[in-house]
Amino acid sequence: MSVKRNLLLLSNSTLHPTGYLEYAAEDICQFLRGRKVEEVLFVPYALRDQDGYTAKARSVFESWGFRLKSVHEAENPALAASNAQAIFIGGGNTFQLLNSLYENKLVDVIRKEQRIEQYHEIPGTPPVLALREGSILKVEGDNAMLIGKFHARLFVPGKETKEFPTGHNFSFLL
């Protein structure tokens, strides 16, 4: 049985001179509405002020017409993530984020890789697509398209890193 992937990966939340998620608002809303999402589960673990971070995200998502709950407020974070219509992971301190994901037993629910070079030291590992700030990767089923304003870099074990422009189809990575 194959898993149908539906991901929208943003490299950052704020692209100067725009506001929080403003540069990607149209893509985020289209992505969520296209999947009939009404409520988003927010993961604010990358910042210490998780209440403040949640309030910031909630304000934006509610202005777009979506409800937002935070995993840090859930009685059972793993269950909340498993039952979520959509998950939005906020950026910040990657080490703090990963530590909190492990502490709350969310790593198996929300898969995340760490460092590209260390990762590629393991034989047989797949390529890694690195998104620049302002980049968006839209995955629908078996189609993965780079959208947004900036290029992405593809790291393939044993090969030279390559740059790819917006509009490039990365379906071969799925």
Side-chain angles (χ1 to χ4, degrees), residues 2-16 18-47 50 53-72 74 77 80-94 97-98 100-101 106-114 116 119 126-155 163-174:
S2 66
V3 175
K4 184 173 180 186
R5 295 177 184 97
N6 286 294
L7 307 166
L8 188 64
L9 307 174
L10 284 71
S11 57
N12 62 313
S13 60
T14 306
L15 184 63
H16 184 74
T18 65
Y20 182 71
L21 298 175
E22 188 177 327
Y23 81 97
E26 183 178 328
D27 294 303
I28 294 169
C29 290
Q30 180 183 37
F31 185 82
L32 295 174
R33 288 185 184 120
R35 282 146 194 84
K36 307 215 182 322
V37 171
E38 296 176 5
E39 184 174 275
V40 175
L41 181 68
F42 182 50
V43 179
Y45 293 153
L47 293 186
Q50 294 173 10
Y53 201 9
T54 298
K56 183 177 189 175
R58 182 173 285 133
S59 173
V60 170
F61 277 83
E62 286 180 352
S63 76
W64 295 337
F66 302 100
R67 293 186 312 275
L68 185 134
K69 289 189 176 179
S70 180
V71 72
H72 88 287
S82 293
N83 293 331
Q85 290 182 309
I87 298 173
F88 171 55
I89 301 176
N93 182 328
T94 303
L97 169 64
L98 192 57
S100 294
L101 289 173
L106 291 173
V107 174
D108 288 335
V109 180
I110 306 168
R111 301 260 175 200
K112 185 166 178 62
E113 301 299 335
Q114 285 189 40
I116 296 170
Y119 179 64
V128 173
L129 184 64
L131 301 177
R132 298 196 181 282
E133 289 188 10
S135 298
I136 301 170
L137 185 67
K138 185 175 184 177
V139 179
E140 294 180 307
D142 293 330
N143 185 34
M145 183 68 64
L146 181 65
I147 60 176
K149 299 180 181 185
F150 299 98
H151 293 210
R153 297 183 79 194
L154 182 63
F155 296 83
E163 288 277 333
F164 290 89
T166 296
H168 190 81
N169 187 324
F170 286 100
S171 299
F172 66 93
L173 293 175
L174 301 177

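Numbers here simply count residues along the sequence, with the first being 1.
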Quiz item: Rounded to the nearest 0.5 Å, how far apart are OG1 of T166 and NZ of K149?
Solution: 10.5 Å

Quiz item: Is any side-chain N of the basic residue among E38 and R33 closer than 4.0 Å to the acidic one's carboxylate O?
Solution: no

Quiz item: Which heavy atom in F31 sits nearest to a heavy atom in R35, and how many Å separate them?
Solution: O-NH1, 2.7 Å

Quiz item: Which atom pair, heavy atoms only, marks the closest approach of I87 to A81?
Solution: CD1-O, 3.7 Å

Self-check item: Check: Q85 side chain, V37 main-chain N or O, donor-acceptor pair, under 3.5 Å
Solution: no

Quiz item: Roughly how far, to the nearest 0.5 Å, is the CZ atom of R58 from the NZ atom of K69?
Solution: 9.5 Å

Exercise. Can you measure from CD (E22) to OG (S13) and round to the nearest 0.5 angstrom?
Key: 12.0 Å

Quiz prompt | Min side-chain heavy-atom separation F172-P127 under 4.5 Å | solution = no

Quiz item: Side chains of E39 and F66: closer than 4.5 Å at any heavy-atom pair?
Solution: no

Quiz item: Going by heavy atoms in the side chains, are V40 and L32 under 4.5 Å from each other?
Solution: yes

Quiz item: Cut-off 3.5 Å, side chains only: do Y45 and N93 have a donor facing an acceptor?
Solution: no

Practice problem: For residues I89 and F42, determine if any side-chain heavy atom of one lies less than 4.5 Å from a side-chain heavy atom of the other. | Solution: no

Self-check item: Donor-acceptor under 3.5 Å (Y53 side chain, G91 main chain)
Solution: yes

Quiz prompt | F61/F88 aromatic ring centres below 6.0 Å | solution = yes

Quiz item: side-chain contact (heavy atoms from CB on, under 4.5 Å) with I147: which residues, sequence neighbours excluded?
Solution: D27, I136, K138, M145

Quiz prompt | Taking every non-hydrogen atom, the tightest pair across L137 and L146 | solution = CD1-N, 3.9 Å

Quiz item: Atom OH of Y20 and atom CG of L15: how far apart are they, to the nearest 0.5 Å?
Solution: 14.0 Å

Exercise. Specify the closest pair of heavy atoms between A130 and F155, including all atoms of both residues, with the distance to one decimal.
Key: CB-CE1, 3.5 Å

Quiz item: If every non-hydrogen atom of L131 is compared with every non-hydrogen atom of L9, which pair is closest and at what distance?
Solution: CD1-O, 3.2 Å

Self-check item: Heavy-atom closest pair, residues V60 and S63
Solution: O-OG, 2.6 Å

Quiz prompt | L10 and S135, any side-chain heavy atoms less than 4.5 Å apart | solution = no

Practice problem: Kindly write out the residues that satisfy side chain to side chain donor-acceptor pair (under 3.5 Å) with N169, not counting sequence neighbours, or none if the list is empty. | Solution: N143, S171

Quiz item: Rounded to the nearest 0.5 Å, what separation is found between the CG atom of L41 and the CG atom of L68?
Solution: 7.5 Å

Quiz item: Under the 3.5 angstrom rule, does the side chain of S59 hit a backbone N or O of A55 as a donor-acceptor pair?
Solution: no

Quiz item: Measuring from F170:CZ to L129:CG, what's the distance to the nearest 0.5 Å?
Solution: 4.5 Å

